[in-house]
Amino acid sequence: MPPGGGARPRVLLVRWLAALAVAAALGRGEDGEERCPVGAPPPGAHRAGAAPRCAAEENALLQVPRPAPPRHPPPDAEATAGPPRPAAAHPRPASAPAPGGAEAPPRPGAARGRAEAEAAAAAGPARARGRRGAAARAARAAPRLAEAWRGARAELRAAVREFARGLAAEGRGTRRLTSEMLCLMAAVLVLQVALVGFVALAYYDSCRSRPEIDPARRGADMREWSSGLLLGCCSEPRVLFWSLACPCVRWADSMHTVGIMSFWCALWLSTLAVLMTELTFGIFGVAVIAGLFYFRQRLRRRFKMESSASTYAADCLALCCCLPCALAQDARHVEEGCLVGDPAIALHLEFLDG
């Protein structure tokens, strides 16, 4: 054996025993809880169905949640409660204490659940105080809101009454204005009728004349217009004046001379047509033009003048574009018929004298 060879085995033995002691100390905690030895696989690392490798893993596997303590109903609810329910066939096992008196480790998330419960319990009184404060504020604000609502409703009623009064006043003003306008229009119409009657009476007594028959021109052809529509206007200034100043009187005289209707009937008919045109703002003027066209065609037939589509178109254009000129042309042709003794005039001499 070499020198010092006996000391080396002893050193190795001491080291081996120290390692065993350290391993035993590491296998059990300070609180006496048994832990897995050094080199053992961690819990859950074994295969499915295999037995646990150490007592600590076995205790962790046996740890189950403890059931909550039963809640006892109040004394008054025991009478109304039904018969007790039968116990479950397989009750949940209580947590078995770990071997060696060690307590089981807490479940994952238990500390967070307890913290949340404590926070909820601490926030409960604050939430209740917040609800009570909100209710108190609402109770204090309710009278102010009611007062504001009553004021707004009163203002709305006042505005509606003011609007109704304004409408009533406007309606009264509109009715007053309408009545005034109607009275003014009636006064203007009466004045026009009186003025036309006065002028017609003066014309009938003094200005209306039937020219004598000219022997040199007796029997002249009257089947064509004796003068043009525009170029012949200045040939008879008197006829042009009455056609412009009072066309109703001039037209009534022409109709009376050829025997179509009496002077006064033609006068009031034409005056009514003019008034209706004024009242309808010109709309009735279409009917007036149609009536004048009809009587112009009767005048053509009296003098045996040509009647065709072209003459219809020419008469329509003359009446629509230059009504006084058309009336003056009719009057000049009628007076020319008196000069030549046309049968259209001679057959009604007796009527004219009457």
Side-chain angles (χ1 to χ4, degrees), residues 186-214 217 222 225-279 284-285 287-300 302-303 315 318-319 321-342 344-354:
V188 170
L189 293 178
V190 170
L191 182 61
Q192 286 182 354
V193 171
L195 183 61
V196 169
F198 176 77
V199 173
L201 184 60
Y203 177 86
Y204 190 82
D205 290 339
S206 60
C207 298
R208 187 176 68 94
S209 62
R210 188 171 65 252
E212 300 287 339
I213 297 176
D214 188 0
R217 302 177 59 182
M222 297 296 296
W225 292 111
S226 59
S227 60
L229 181 65
L230 298 176
L231 298 178
C233 289
C234 297
S235 60
E236 293 288 341
R238 180 180 57 86
V239 175
L240 180 61
F241 169 77
W242 284 107
S243 298
L244 291 173
C246 194
C248 298
V249 175
R250 181 60 260 185
W251 182 77
D253 189 12
S254 299
M255 294 297 104
H256 176 69
T257 303
V258 296
I260 295 178
M261 67 177 69
S262 65
F263 176 82
W264 297 106
C265 180
L267 175 69
W268 297 123
L269 179 62
S270 59
T271 303
L272 178 62
V274 172
L275 295 179
M276 289 297 297
T277 304
E278 293 176 358
L279 291 176
F284 195 75
V288 174
I289 296 298
L292 291 174
F293 176 80
Y294 168 74
F295 285 108
R296 191 176 175 91
Q297 299 309 311
R298 289 191 63 180
L299 185 65
R300 280 179 173 273
R302 288 285 184 176
F303 289 99
D315 291 342
L319 293 172
C321 299
C322 191
L323 180 58
C325 295
L327 297 180
Q329 187 182 28
D330 295 343
R332 289 194 302 268
H333 194 72
V334 169
E335 290 190 357
E336 186 67 22
C338 293
L339 288 174
V340 300
D342 191 90
I345 306 298
L347 291 176
H348 299 283
L349 290 178
E350 224 177 273
F351 172 76
L352 292 174
D353 294 336

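The structure presented is a predicted model; accordingly, all values stated were derived computationally and were not measured. Residues: numbered from 1 along the sequence shown.
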So [Y] and [X], do their side chains get closer than 4.5 Å, heavy atoms only?
| X | Y | answer |
| --- | --- | --- |
| W242 | D253 | no |
| L323 | P247 | no |
| V249 | F263 | yes |
| L189 | L279 | yes |
| F284 | V274 | no |
| R298 | V258 | no |

Drop me the distance from [X]'s [atom1] to [Y]'s [atom2], to the nearest 0.5 angstrom.
| X | Y | atom1 | atom2 | value |
| --- | --- | --- | --- | --- |
| R238 | L240 | CZ | CG | 11.5 Å |
| L269 | M261 | CG | CE | 5.5 Å |
| L275 | W268 | CG | CH2 | 9.5 Å |
| C246 | L195 | SG | CG | 7.5 Å |
| D330 | W225 | CG | CH2 | 4.5 Å |
| F303 | D342 | CZ | CG | 5.0 Å |

Please find the pair of heavy atoms, one from [X] and one from [Y], that lie closest to each other, and give the distance.
| X | Y | result |
| --- | --- | --- |
| A331 | S254 | CA-OG, 3.6 Å |
| R296 | A326 | NH1-O, 3.4 Å |
| L319 | I289 | O-CD1, 3.6 Å |
| C325 | C233 | SG-SG, 3.8 Å |
| L229 | R332 | O-NH2, 4.2 Å |
| R302 | G259 | NH2-O, 3.6 Å |

Test your reading of the model: is there a side-chain donor-acceptor pair from [X] to the backbone of [Y], 3.5 Å cut-off?
| X | Y | answer |
| --- | --- | --- |
| S270 | L267 | yes |
| R250 | F241 | no |
| H333 | M222 | yes |

Report the residues that fulfil ring pair (Phe, Tyr, Trp, His ring centres under 6.0 Å) with W264, sequence neighbours left out, ordered by chain and then residue number. Y204
